[in-house]
Every structure is written in C-alpha cells, then in structure tokens.
*Asks:* 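Have a look at the structure that comes next, please.
Reckoned from all heavy atoms, side chains included, excluding hydrogens, waters and symmetry mates.
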Amino acid sequence: MRSMIRPASRAMAAARLRTAARSTRNLDELHSTFFGRPSTGAAPVLTRFKSSLPLDQADPSETADAESSHFSTPHLDNNTSDTIKDYTSDASKAGTPSPWAVFDAWGAGEGIVDPLTAAEEELLSNAAVRIPTEEGDRQGLPEESDILSVYDKLLKRKSSVHFGYPYNLMYNHEELYEFMKYSINNLGDPFVTSNYGVHSRQFECSVIDFFAKLWKMEPDSYWGYVTTCGTEGNLHGILLARECHPDGILYSSRETHYSVFKAARYYRMDAKAIPTLPMGEIDYDALASEIAKNRDRPVIINVNIGTTVKGAVDNLDRILRILKTLGIPRERFHIHCDGALFAMMMPFVDFAPEISFNKPIDSIAVSGHKMLGCPMPCGIALSRKEHVKKVEQRIDYLNSVDTTIMGSRNGQAALYLWYSLRKKGVAGIKRDVVHCMETAQYLRDKITDAGLTCRLNDLSSTVVLERPMDDKFIKRWQLACEEDIAHVVVMPNVTRFKIDKFVEELVECKDVYGRMKPVRKDSPLMKLESSSWGGQYVAPVSNFKENF
C-alpha cells in the first residue's frame, strides 16, 4: 500500500529515518536473541500502511477561542458537571514517532480534534441512544448511523487528548477488519486443541513464543496465554504462586496495582503491603524485615516492573539478594513480575537491568494494548511450565484442558497482537520505546521550566506532577490522579505538539486556580521533593520545614 506522506513532510521523514538508523546500538543483541544473527546495523525496511507523521500543524490559536467557550459549561468532552462526583481521589520526536515504527490508522498522533457541537452531543444523550422495546418507541429517535458517526468523532476527540493512561493509540489494523465477522474463540488451553475449530491458537502460540524469547526462556520450559488484560495476568500468576505455596505470604509494595491485592482477597491469601521509597520502589529494608519475621512461611513476592502511578521499577536483583541473605532456598520462594507496561519496554532500553527467566522468577504478566497497541484490552501471561500442571484439569466438553482464568477467550486479541509484532518487528518496538522515553524527558523539562513540581523515574515514561486545581482540565486531558498528584504516561501517540498545548493549558490553569498544596504531611506531593528522585525540581507550594 502506498505511503501517504505530504510533500512538505518528506524532508522531515528522511531526517527521522536517519535518526532511526543511528538508534540501533543494542539491536544486535535483540536480533541475536530472536533470529540467531546480529542485525546489519541499519534500520530495516518494514511495510508502512499510513504515515504516522503529523499533518501540517495548525496554529493552536485558531481553535483556542472556540474551545474556551465550549469548556465553560459541562460537556461530554470533559465529563464534568455539578452532578458528577470524582471518585478517584479525596478531593513530535522527543516529539515525533518514527514514520515506520508506529502505525496511525486515523490520526491519533496528529493535532487535537475539535470538540463536539451541542447538537452532536445531543445525539449521544441517554434519550437518543435508548433501545426501544416496542416498534412505536422508535418514533423520534435518531438513526443509528447518525449516532455512530458522532460517537466516532467523540472517540477521535478523546483519543487526541489522551494523556493519563498507558494506551498506545498509534496502530493500523485495517488488514484484520475482515476477520471481525468471525466468532474466534480460543477456549481451553492455547497448546491443546479442542473440538471448536474457529480459533486463532497458532497465532496465540506464536505470540507466547515471542515473549518467551524476549524474556529468555528455554524451549519447552514455558507456558502462557493471551489474557483479557494485565489484571488477568496478575490473577493467574498469583494463583500459580498460591498453588505452589498454599501457606505462603504474599509481599508487595503499597504502590502495587490494585489487582495484586484483589488476587490475595480472591484466593484468601495472607498478604503484606510493604512501604515504598519516595520514588515508588518497594522499601527493601522493610521487605527484608517482614520476611525475616515470617521465616517459617514460604515467600511469595510481586515485583513491580513499573508502578501504576509513578512508573517505579522494583530492583529484582536486590530482592533476590535479600532472599539469599536471609537463607530462603529456591523451593521456598515464588516471584511474580507485574510488568503491565514496562516489562515490554525494558528489553529495548539501553543498559536497563535485565528482567528475564535467567533469574529465579516464576511468572510475568504484561498488557498487550499498552505498548503494542490494540483496539481491545488484552495481555500476556507467561510462567514456568511445571507450575501450570498444578491447576490443569481435563475438560471432556472442550476436548482440551482448563488452565486459564477465563473459559471462552478472545481469539481476536491474539490475532491483533500477532499482527502488531509481525509488522513492527523488534526494531520497530525499539523505535517506539525510544520515542516514549525521550518524549517523557521533554515533557518533564517543559513542566519544570513552567514552574510546576514534576518528576520522572529512571526507566519510565510516566511523568508525575502536582495535581492541577481544575477538574475540567483533569478530565479534558484524562489525567490519572492520586490525592495531590497526577501523571501523564507518554506513549507513541503523544507528540511534542500535544505536549506544548498541554503545558500551555496547564500554565493557564495554574494562573487562574493556583497551585495544589500538599493534603497532608506525607502526601504523594510531599514525596516529590525527596532527594531520592535525584535531579532538580520545583518545590510544591509552602515551606515544608516551617509548616510541618
């Protein structure tokens, strides 16, 4: 399919390809891992579907007046009104992606889409989208095609200002649309065929093989499957841990994703939430102390490969040293790695610590719709094969075995993940990761230069900042918040143009509403000033030493 690059962008595209060619430093090792040979040192030529280059950028001032009036009243765009309660809290390379490393089917990486008009919003009201129960009820209702057309525009708008959640919106799966007409169900075990023939097992197994190589598992030593999301991967990993150590204690940091402690509740496990260091890593001394107090019980540890809010990566090697120092033998501990976003990124970051099954870990869960990009939530669960035998059950009805959390499983997700991996390739994923890391640094510097508190962990593309004071701004940019902080997760669809617009509005928000003050002495905002983060920062409002 022919590439659709505008003439004005050709020089920019050529420059980006030259930059891509210079960024292959660590691809030799990755190519050796996957293909048994080094790379050629030059950027490979991959199929492009549509250009991921932004269109000629419009002057932001052209839409400023229209948007400012639009956001003065509650709208679908900002989800804000007096009747909506906020339940989330107590109150272009580095900026532009590589033209071949990411797909952009509909413009997620381009400029900011205009908001809906009042008439368009009316087509998505509860009254307009209601389902009639009698034929006479259809009178006066808008046509489904009109509703869906406006809904498409709303989704484009929302996606163009999507900053707070780790979803890669840059993808093109047009070649797979034909398969949406089939009911593809991978029920049962991925590696054991069933009587149901409309499945995508071969693609699912290929995806599992890819990640097994990525995390350095020996052939025939692993088992895995494509999940519905990272949470399901955590539920499966913790289930295996409990089956291996029924009387074990689960240790995980307080900043762990909620799904890990949900698993502990579901499985009636003893669990301990370990305090964290200011930047979000687990407190290693506190972990050692708790394990030492319970030497008579097996140790189950969830290691965070990127925490939810701060993107902090627990030091796996240090945790393993703690276990060795305390004399905990291998048969008495079990390690699950929650790598929802960053376990997919770390193998492609130069000089990053190794997260792999060369070390004594037992399972990893990662999300598929985050770094790779996928139109439906999905993920990958991978574990050592011997552990899965403890939950395996033969099901005659399926002519297969039951080893997963779910029964029926989305075969479309496996197909989409396979397609993304095949089209991007190892080098393409590397380009995405480099873009995210560099663009996150750009965002951190822009916010800091604007006089606001901001932090960025090493090995992370999650930029943590003081919470804006205006809820409309938070909901417009879909920021994830925790008490007095918020964060932006920089993904391939986040460009320098969008960052500039975001920071411009953030400064306007500060000028109108002021800055967030710490809600308490040890609040998340207070911890952003800790020297453990390193580097420079703008202090939060108030003098902590005097006031506390």
*Asks:* Measuring centre to centre across the rings, with the benzene-like ring taken for any Trp, is F211 within less than 6.0 Å of W215?
*Replies:* yes
*Asks:* So does M217 get a backbone contact from the side chain of S221, meaning a donor-acceptor N/O pair under 3.5 Å?
*Replies:* no
*Asks:* Side-chain contact test, heavy atoms from C-beta onward, threshold under 4.5 Å: evaluate it for V303 versus I361 and give yes or no.
*Replies:* no
*Asks:* What I'd like to find out is whether the side chain of N410 reaches to under 4.5 Å of the side chain of M376, using heavy atoms alone.
*Replies:* yes
*Asks:* I need the single residue from I291, I319, L326, I335 that forms a side chain to side chain contact (heavy atoms under 4.5 Å, CB included) with V299. Which is it?
*Replies:* I291
*Asks:* Taking C-beta and beyond as the side chain, do M371 and L341 meet within less than 4.5 Å on heavy atoms?
*Replies:*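 Yes; the side chains approach each other to less than 4.5 Å.
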*Asks:* Taking the ring of Y225 and the ring of H236, is the distance between their centroids below 6.0 Å?
*Replies:* yes
*Asks:* Angle between ring planes, Y167 versus Y165, binned at 30° and 60°: parallel, tilted or perpendicular?
*Replies:*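 Parallel.
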*Asks:* Hey, are K389 and E386 close enough for a salt bridge, meaning a charged N less than 4.0 Å from a carboxylate O?
*Replies:*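 Result for this pair is no, no salt bridge flagged.
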*Asks:* Any side-chain to backbone donor/acceptor pair from N304 onto G306? Under 3.5 Å, distance only.
*Replies:*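 Pair absent, no side-chain N/O of N304 close to backbone of G306.
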*Asks:* Taking side chain as C-beta onward, heavy atoms only, is H336 less than 4.5 Å from N234?
*Replies:*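 Yes, side chains in contact.
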*Asks:* Donor-acceptor pair, distance only, cut-off 3.5 Å: does the side chain of T325 make one with the backbone of R321?
*Replies:*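 Side chain of T325 to backbone of R321: a pair is present.
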*Asks:* Would you list the pairs meeting salt bridge (charged side-chain N to carboxylate O under 4.0 Å, His left out) in which at least one residue belongs to residues 194-203, sequence neighbours left out?
*Replies:*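 The answer is none; no pair qualifies.
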*Asks:* Please examine the side chains of R384 and Y222, heavy atoms only from C-beta on, and report whether any two atoms are closer than 4.5 Å.
*Replies:* no
*Asks:* OG1 of T308 to CD of E255: how many Å apart, nearest 0.5 Å?
*Replies:*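 Result: 9.0 Å between the selected atoms.
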*Asks:* Okay, side chain of T448, backbone of Y537: is any donor-acceptor separation there less than 3.5 Å?
*Replies:*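 No; judged by distance alone, with no hydrogens or angles, the pair does not exist.
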